[in-house]
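Down below is the structure, laid out as structure tokens.
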2 protein chains.
Amino acid sequence: MAKNSDGGRGQDRTPERVPSGRQKLMEAALELAATTRSLASLGLREVARHAGLNPNTFYRHFKDFDDLGVAMLDELGTELRAGLREARMRPAQEGFKLSDFSNPAEGLAQAQALARESVGLVLDFVMDHREAYTVGIRELHGTSPVMRKAMQGLLDGIAVDMTEDLLGVLMLPAVSHEELLAVARVIVRQMVFFSMDYLEQPSRQADIKREAERFILLLFWGAIAARAPELLAAAKLKFPTI
Amino acid sequence: MAKNSDGGRGQDRTPERVPSGRQKLMEAALELAATTRSLASLGLREVARHAGLNPNTFYRHFKDFDDLGVAMLDELGTELRAGLREARMRPAQEGFKLSDFSNPAEGLAQAQALARESVGLVLDFVMDHREAYTVGIRELHGTSPVMRKAMQGLLDGIAVDMTEDLLGVLMLPAVSHEELLAVARVIVRQMVFFSMDYLEQPSRQADIKREAERFILLLFWGAIAARAPELLAAAKLKFPTI
DNA sequence: TGTCCACGTAGACGATTGTATACCTGATGC
DNA sequence: GCATCAGGTATACAATCGTCTACGTGGACA
């Protein structure tokens, strides 16, 4: 009775091939929200119409637009998070080794390559899921407290993943776990803006990519400089220019 | 004919004391948008009702909600920008001097004090204009291209101001104007998130303030480390812990 | 004194909205 | 073989919406 929003039963049961109503509604909502307006301000009838369904069908699957939004975010959010983790693991298996900063020049060069790889990864994902990204960020600062919390949770989760992965690959000297997490959260949030620019200014994509890399390196440089500045003197020449 | 949105004539002409319709509408829209929904999804009648005016009065002053939004942003945006500039000038007159980094320890300490002052400034402003800030950030990633551009322009303008002011106060070694501008833009954008946290988590305000200061210092550390790492070795002890 | 004009009001229009009630259908379980 | 039920439909209703046309002010200005 109070238990609503039937948690995606349709997906569990069907072989997940047929678009089956619920999916149609989510896709319609995504398309409409990306091109027209915010999720919360979408019309129930509008979405149903765009999905080719009867308005009342909406109630069969969702009780709210918050409900629908959370469902969409669960789906795409876990996809993003898993994609990022997997892709972050890939270079570690291929060519990367644990980079010990006892050889600063080499370690920092690897850090740069890793930053470049990660930035490209995120921006590619954003390009591939333009609609979902647009809507998601809209909700990040949007009206619905439910969606805001959910989006913030997703971003924080990504930051936690990134921290763990980085701890496995990089061995930063004297940078604590908490410090690294704080840096990761800052990076994730900044990537929100870089991604926006990337989508909105296709002609500047190469520049934006470089700016994002540079920002990340700057943060790590700063973190290291605060703890072990002597390591940086040797690697000065390696820092990318402007 | 095509020239619409009469640019605030009502304000110019009246002694600016009487709330005079146009102002009432803007205030009503601000309150409703802050508590209810996005600007673009507001009802024309709803706003007029909340302002105690006839629905059609809206047309006398604005043609759009974009129109109203831009008017509000002009008003509050210039207030914010001027307030920040003025407040950034204040410490320079009182106690601060041009900090030459030829004496690194002292210069970095001053940079830290300046970062603390600036962060406090922004967060105070956000607290004082909670509604406007909330609505503005909503529009930053919102549906209306007009409002998005306007908000992005405001943030970039603040970044430009900050760059100029910093160039006048700090003398960073070997950090070019463009680099400093890029850093300023990143800081401004990150402050959007810090401000959100600050408003949404009153119990963590002190922590958030410190995190923001630390982030800014980290960036400057990084920028300096990339150019003149030898300067940092001497100042290592001054960096704030965690 | 007469005439604009900016500002605000009044009433009405068709369109669209969210939601309630009722009916249909195919699969599932006993 | 029959009941149950999730998924989808049809119809209807009051409420709200944006916008149109028309009218009423008070002050500015000639």
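Lettering of chains follows the sequences in order, A, B, ..., and the numbering in each one begins at 1. On a predicted model such as this, the values are computed, not experimentally measured, just so you know.
Candidate nucleotides dC20(D), dG8(D), dT21(C) were compared by shortest atom distance to the side chain of H61(A), and dG8(D) ranks first.
Whole-Å rounding puts the K63(A) NZ to dG18(C) C1' distance at 16 Å. Rounded to whole angstrom, the span from the CG atom of L44(B) across to the C1' atom of dG8(C) amounts to 14 Å. Distance, F58(B) CZ to dA10(C) P: 19 Å, rounded to whole Å. Rounded to a whole Å, the OH atom of Y59(B) is 6 Å from the P atom of dC20(D). Counting to the nearest Å, the C1' atom of dA6(C) and the CZ atom of R22(B) are 13 Å from each other. A straight line from CZ of R60(A) to C1' of dA27(C) spans 16 Å, rounded to a whole angstrom. For the pair N56(A) CG and dC13(D) P, the interatomic distance rounds to 15 Å; values are reported in whole Å. Atom pair L42(A):CG and dT17(C):P shows a separation of 11 Å (rounding to whole Å applied).
Between the side chains of E139(B) and H141(A), not a single donor N or O lies within less than 3.5 Å of an accepting N or O. Side chain to side chain, Q23(B) and E75(B) meet the donor-acceptor criterion of an N or O pair below 3.5 Å.
The shortest distance between the side-chain N/O atoms of R49(A) and the OP1/OP2 oxygens of dT17(C) is below 4.0 Å. At the phosphate of dC7(C), neither OP1 nor OP2 sits under 4.0 Å from any side-chain N or O atom of S20(B).
Using bins of under 30°, 30° to 60° and over 60° for the plane-to-plane angle, the ring pair H129(B)/F125(B) lands in the parallel bin.
A 6.0 Å sphere centred on CZ of R116(A) holds no more than 12 heavy atoms belonging to other residues, nucleotides or ligands.
When each of N54(A) and R45(A) is assigned the nucleotide of DNA chain D with its nearest heavy atom, N54(A) is the one assigned upstream, toward the 5' end.
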